[in-house]
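Keep in mind the model is a prediction, meaning the values are calculated, not measured. The chain is numbered in sequence order, starting from 1.
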Amino acid sequence: MDSTRIDRINTLAHKAKSVGLTEEEKRERDLLRREYIAAIRMNLQTHLDNIDVIEKDGSVTNLGEKYGNKTRS
């Protein structure tokens, strides 16, 4: 998500607190929030997919392969 869209989320949030939003602005805010949350989740999943845990027996377990959607490459 680019900074202009995040700035728009913040602008709508400030406006909602001060004067309120129109129905169209509420729909825009909700759409932007959903996009932002989806981007955060994708970023978190990417980070988790790249975490390796060294087990007590010395083997290495990749969390993305064990719990996520990552396949061995």
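Across D49 and G64, no two heavy atoms sit closer than the pair OD1-CA, 3.2 Å.
Residue Y67 holds its OH atom at 8.0 Å from OG1 of T61, rounded to the nearest 0.5 Å. A distance of 14.5 Å separates CZ of R33 from CZ of R5, quoted to the nearest 0.5 Å.
Between E35 and L31 the shortest side-chain heavy-atom distance falls below 4.5 Å.
Heavy-atom contacts from other residues, nucleotides or ligands closer than 6.0 Å to CG of L44 number more than 12.
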Inset, instruction - Run the numbers on V53 and V60 for side-chain contact (heavy atoms from CB on, under 4.5 Å), then give the verdict. - result: CA-CA 6 Å; V53 176; V60 177; over 6 Å; no
Legend entry - Derivation and outcome, side-chain contact (heavy atoms from CB on, under 4.5 Å), residues E28 and R8: CA-CA 9 Å; E28 179 186 8; R8 181 64 179 156; 2.9 Å; yes
Inset, instruction - Report the C-alpha separation of L12 and L21 in whole Å, then their side-chain angles, then the decisive distance to 0.1 Å, and conclude whether the side-chain contact (heavy atoms from CB on, under 4.5 Å) test is met. - result: CA-CA 8 Å; L12 291 171; L21 299 174; 4.0 Å; yes
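At distances below 3.5 Å, at least one donor-acceptor pair connects side-chain atoms of S18 with backbone N or O atoms of H14.
Taking I9 as the reference, M1, L32, Y36 meet the side-chain contact (heavy atoms from CB on, under 4.5 Å) condition, with sequence neighbours excluded.
The only member of T46, L48, D52 that meets side-chain contact (heavy atoms from CB on, under 4.5 Å) when paired with N50 is T46.
Applying the salt bridge (Lys or Arg N to Asp or Glu O under 4.0 Å) definition to pairs two or more places apart or across chains, those involving residues 9-24 are K15-E25, E23-K26.
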